[in-house]
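Just so you know, these numbers use all the heavy atoms, side chains as well, and skip hydrogens, waters and symmetry mates. Below, read A as the first sequence line, B as the second, and so on, with proteins coming before strands; counting in each chain starts at 1.
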Amino acid sequence: MLRTHTCGELRIGDVGKEVTVSGWVDSRRDHGGLIFIDLRDRYGITQIVIEPDQAAAFEIAQTLRSEFVIGATGKVSPRGEGFENPKHETGKVEVQAAKLELFNKSRVPPFEPGSSSLPNEELRLKYRYIDLRRPQLQKAMILRHKLTKAVRDYFDKGGFLEIETPMLGKSTPEGARDYLVPSRVHPGQFYALPQSPQLYKQLLMMAGYDRYMQIARCFRDEDLRADRQPEFTQIDVEMAFVEQEDILTTIDGLMAHLFKEIRNEELPLPLTRLTHREAMERFGSDKPDLRFAMELQDIGEIAKESSFGVFKETIANGGRVRGICAKGAAEKYSRKGIDELTEFVKIYGAKGLAFFKMKDGKLESSITKFFNEDQQQAIVSKFGAENGDLILCVADSNKVTSAALAALRNRLGKELNLYDPSAMKVAWVLEFPLYGWNEEDQKWDAEHHPFCSPIKEDLQYLKTDPGRVRAQSYDLVCNGYEAASGSVRIHDPEVQQQVFDFIGVTPEVAQDRFGFLLDALSFGAPPHAGIALGLDRWVMMFLGNDNIREVIAFPKTQKAADQMTGAPSDVDTKQLRDLHIKTDVPKG
RNA sequence: GGGGCCGUAGCUCAAUUGGUUAGAGCGCCGGACUGUCGAUCCGGAGGUUACGGGUUCGAGUCCCGCCGGCCUCGCCA
């Protein structure tokens with residue numbers, strides 16, 4: 001037997017047992033006449049002691065180096081008073097090796113998994129199999145497994161079926177760019193990897209599988225971020241004969257289950273609900289971080305009456321003047337600090353940042369002179385400002401004030417430690433707009449996707465004020481992340497065609513791209529709705545991490561490359577010939 | 001597509017306004033050591049400063065290009 005126990009298992013109660021443990025040499029401490037080995041596996045670290053009277057074992061022990069793979073057999077002994085190591089669960093015992101077996105040597109590793117200082121990420125990704133030996137990543141993988149299992153258990157109990165949908169599908173150029181896969185037997189034609197199983201799961205509803213879920217891999221060929229990978233996993237859910245409320249309740253239940261399983265925490269239900277409009281007004285964001293307040297205030301009415309040109313003109317041109325009040329932050333941000341914040345909001349399109357510091361019951365600022373006593377008082381009361389507070393305002397379009405202040409709010413929330421970083425605040429954001437104006441193409445686009453059902457009473461605005469039409473849609477937000485997104489779907493083929501018409505998808509194009517869906521809608525489609533949760537992001541949030549690569553075993557870099565395997569790579573000309581593909585890469 | 005930061009020994013980092021032979025800790029190699037757990041002590045090896053140009057008497061440092069990594073705006077139905 002290569003092992004009887006793991007390296008995380010032995011306790012004082014095991015003293016006297018003859019055991020075999022196997023793992024990697026985390027470190028070796030050679031005292032000449034006595035050698036200690038910290039043996040590591042994913043369960044923990046156990047100390048092995050090798051004494052010279054065990055000649056064969058001792059000889060092997062002398063040759064051991066970091067990351068050698070060994071098995072050690074011997075009696076479990078107590079370490080005795082003063083020699084215990086409280087850092088390890090197994091720290092009260094050790095294995096007195098009678099026999100050592102060297103399974104494999106290791107080259108000197110580029111970095112040591114046991115080291116407290118992290119090497120740079122590039123190196124970690126290149127040697128991911130070593131990086132994955134680190135307890136932090138092992139913890140992430142274990143939590144990911146636990147979460148996935150809890151999700152499946154919850155839906156299984158609810159009568160859901162997990163059904164796999166194809167990875168090789170049809171390309172739909174709307175939305176994100178597809179990863180394409182060439183077909184050999186259909187020269188010149190391509191499959192697309194799924195951006196999500198959206199259409200398949202709707203078809204499953206029409207096929208009568210009224211409760212579906214899938215842990216589904218999805219692919220999007222777009223630029224990456226700290227929280228975005230080109231392939232990611234979503235918890236995909238769809239239900240038939242349901243309304244929005246049924247989905248919300250189902251997912252509320254899932255959340256409570258996960259909080260119980262992962263954090264052993266009772267999550268109060270129902271989860272907070274905000275409308276999209278409310279979220280945008282109060283936080284400037286459709287995915288607000290609700291761990292802290294510092295809500296946006298609109299001072300347009302005051303700005304309009306003031307003599308401050310920038311503010312007045314903004315209002316006159318249909319813009320807005322909004323701001324946030326950072327409690328007690330006046331001293332923390334010097335002139336230079338505020339300059340930095342000004343540069344920061346410029347990233348989001350703001351042209352500047354106006355500020356007031358509240359001191360001795362009065363506003364202090366270079367622009368205070370443009371506001372009379374009443375107006376100053378109105379600003380103070382609008383923000384509820386007290387001595388020591390810092391008020392920051394942006395005057396611009398609705399969109400820019402929202403984006404800039406939302407980003408500023410997140411930044412200040414973090415810099416001023418306005419929340420407990422281990423807290424998780426989950427809430428629903430409802431009633432997203434159905435359409436958004438596409439500036440580039442000068443047309444209306446589906447804000448979410450074109451299969452979202454409109455809110456019925458808003459359909460009257462379709463012709464006159466399309467931006468006002470709300471969708472029966474819902475996002476789950478947590479700590480500033482979009483953590484799930486879904487909607488009631490269209491199940492009436494006529495409504496579906498109306499939506500396509502409106503966003504400029506002609507019946508011919510619709511037939512070509514989504515003909516199968518339109519057909520299916522005409523063969524008895526039940527009312528249905530669904531949602532998809534970002535699994536990677538949830539693992540991230542449960543770990544309190546803000547980097548998605550830390551929760552994926554083999555992630556890709558920002559340029560979607562795999563540092564370990566070298567993917568993507570050139571392929572043989574023969575492979576290309578089989579596929580009838582010629583590449584045309586500009587020479588650089 | 002745009003903006004920002006970064007790349008120096010195996011690893012983490014240092015190196016004054018551009019100035020002598022590019023240093024330290026860890027790791028590695030050799031030696032000593034019977035209770036360590038960041039073992040300790042002695043000795044040693046280890047560098048195309050990512051890469052390619054340029055400016056200069058002189059470049060790790062300044063400039064241009066390029067490769068790679070990270071953060072971000074756009075993008076992500």
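- No hydrogens or angles considered: nothing links the side chains of A:Thr6 and A:Asp41 as a donor-acceptor pair under 3.5 Å.
- For the C1' atoms, the distance from B:U61 to B:A45 is 28 Å, rounded to whole Å.
- With rounding to whole Å, A:Lys399 atom NZ is found 10 Å from B:G74 atom C1'.
- Close to B:A39, at under 4.0 Å from its OP1 or OP2, lies no side-chain N or O of A:Arg28.
- A gap of 22 Å separates the C1' atoms of B:U8 and B:G4, to the nearest Å.
- A:Ile45 comes within 4.0 angstrom of no nucleic acid atom, judged by non-hydrogen atoms across all strands.
- One interatomic measurement links the two molecules: CD of A:Gln558 to P of B:C76, which rounds to 17 Å at whole-angstrom precision.
- Separating the OH atom of A:Tyr348 from the P atom of B:G4 is a distance of 15 Å, rounded to the nearest angstrom.
- Judged by distance alone with a 3.5 Å cut-off, a donor-acceptor contact links the side chain of A:Arg228 to the base of B:C75.
- One atom, OH of A:Tyr127, and another, C1' of B:G10, lie 9 Å apart when rounded to the nearest Å.
- When ring centroids are compared, A:Phe36 and A:His31 come within the 6.0 Å threshold.
- The shortest distance between the side-chain N/O atoms of A:Lys87 and the OP1/OP2 oxygens of B:C37 is not below 4.0 Å.
- Residue A:Val108 places its side chain closer to B:C28 than to any other of B:C70, B:C73, B:C28.
- Proximity note for A:Phe83 (side chain, C-beta onward) versus B:G74, B:U12, B:C37: the nearest is B:C37.
- Comparing A:Ser196 and A:Ala226 by the nucleotide of RNA chain B that holds the closest heavy atom to each, the one mapping nearer the 5' end is A:Ala226.
- Place A:Val49 and A:Ser66 on RNA chain B by their nearest nucleotides, and A:Ser66 ends up nearer the 5' end.
- A:Arg124 comes within contact range of no nucleotide atom at all, as no heavy-atom separation falls under 4.0 Å.
- Across all strands shown, B:U56 forms no Watson-Crick or G-U wobble pair with both distances under 3.5 Å.
- The distance between atom NZ of A:Lys559 and atom P of B:C75, rounded to the nearest whole Å, is 21 Å.
- At a threshold of 4.0 angstrom between heavy atoms, the contacts of A:Gln195 with the nucleic acid are absent.
- Judged by ring centres under 5.5 Å apart and planes tilted less than 30 degrees, A:Phe36 stacks against the six-membered base ring of B:U36.
- Using Watson-Crick or G-U wobble geometry with both donor-acceptor distances under 3.5 Å, B:C11 finds its partner in B:G25.
- Put simply, CZ on A:Arg225 is 15 Å from P on B:G3, counting in whole angstrom units.
- For the 3.5 Å distance criterion, the side chains of A:Arg322 and A:Ser402 qualify, holding a donor opposite an acceptor.
- One C1' atom belongs to B:C26, the other to B:U21, and the distance between them is 24 Å to the nearest Å.
- Side-chain contact annotation: A:Glu494 with A:Gln498, donor-acceptor N/O pair under 3.5 Å absent.
- If you check every strand for non-hydrogen atoms under 4.0 Å, A:Gln47 touches a base.
- Contacts of A:Glu84 with the nucleic acid, taken as non-hydrogen atoms under 4.0 Å apart, include base atoms.
- For B:G35, its base sits under 3.5 Å from the side chain of A:Glu94 at one donor and acceptor pair at least.
- Note on A:Glu121: only backbone sugar-phosphate atoms sit closer than 4.0 angstrom, heavy atoms only; bases stay farther off.
- Taking atom P on both nucleotides, B:C70 is separated from B:A32 by 46 Å, rounded to a whole Å.
- Backbone-only engagement by A:Leu123 is indicated by non-hydrogen atom pairs under 4.0 Å involving sugar-phosphate atoms exclusively.
- For the C1' atoms, the distance from B:G3 to B:U17 is 29 Å, rounded to whole Å.
- Between the side chains of A:Asp396 and A:Thr401, no donor-acceptor pair is found at a separation under 3.5 Å.
- Taking the C1' atom of each, B:A59 and B:G19 are spaced 10 Å apart, rounded to whole Å.
- No side-chain donor from either of A:Tyr481 and A:Asp289 sits under 3.5 Å from a side-chain acceptor of the other.
- The base of B:G7 has none of its N or O atoms less than 3.5 Å from a complementary donor or acceptor on the side chain of A:Asn120.
- Here A:His31 lies parallel enough and close enough to stack on the base of B:A39, with planes under 30° and ring centres under 5.5 Å apart.
- No engagement by A:Asp445 is indicated, since no non-hydrogen atom pair under 4.0 Å with the nucleic acid exists.
- Across the P atoms, B:C13 and B:G1 are found 30 Å apart, a figure rounded to whole Å.
- With hydrogens and angles left out, the side-chain atoms of A:Asp445 and A:Asn438 include a donor and acceptor closer than 3.5 Å.
- Residue A:Thr557 has a polar side-chain atom (N or O) positioned under 4.0 Å from OP1 or OP2 of B:G69.
- Side chain A:Arg79 to base B:C37: a donor-acceptor pair is found below 3.5 Å.
- Here the rule is side-chain contact (heavy atoms from CB on, under 4.5 Å) with A:Phe219, and of A:Ser196, A:Pro194, A:Pro230 only A:Pro194 fits it.
- Within the shown strands, B:G69 is the pairing partner of B:C5 under the Watson-Crick or G-U definition, both distances less than 3.5 Å.
- Centroid-to-centroid, the aromatic rings of A:Phe500 and A:Phe514 come within less than 6.0 Å.
- In this structure, CZ of A:Arg177 is placed 15 Å from P of B:G74, rounded to the nearest angstrom.
- For B:C29, the OP1/OP2 oxygens have a side-chain nitrogen or oxygen of A:Arg65 closer than 4.0 Å.
- Within the 4.0 angstrom heavy-atom criterion, no nucleotide atom of any strand lies near A:Phe111.
- Comparing the P positions of B:G47 and B:G2 gives a spacing of 38 Å, expressed to the nearest Å.
- Between A:Arg411 and B:U72, a side-chain N or O to OP1/OP2 separation shorter than 4.0 Å is absent.
- At whole-Å resolution of the value, CG in A:Asp30 and C1' in B:C37 are 14 Å apart.
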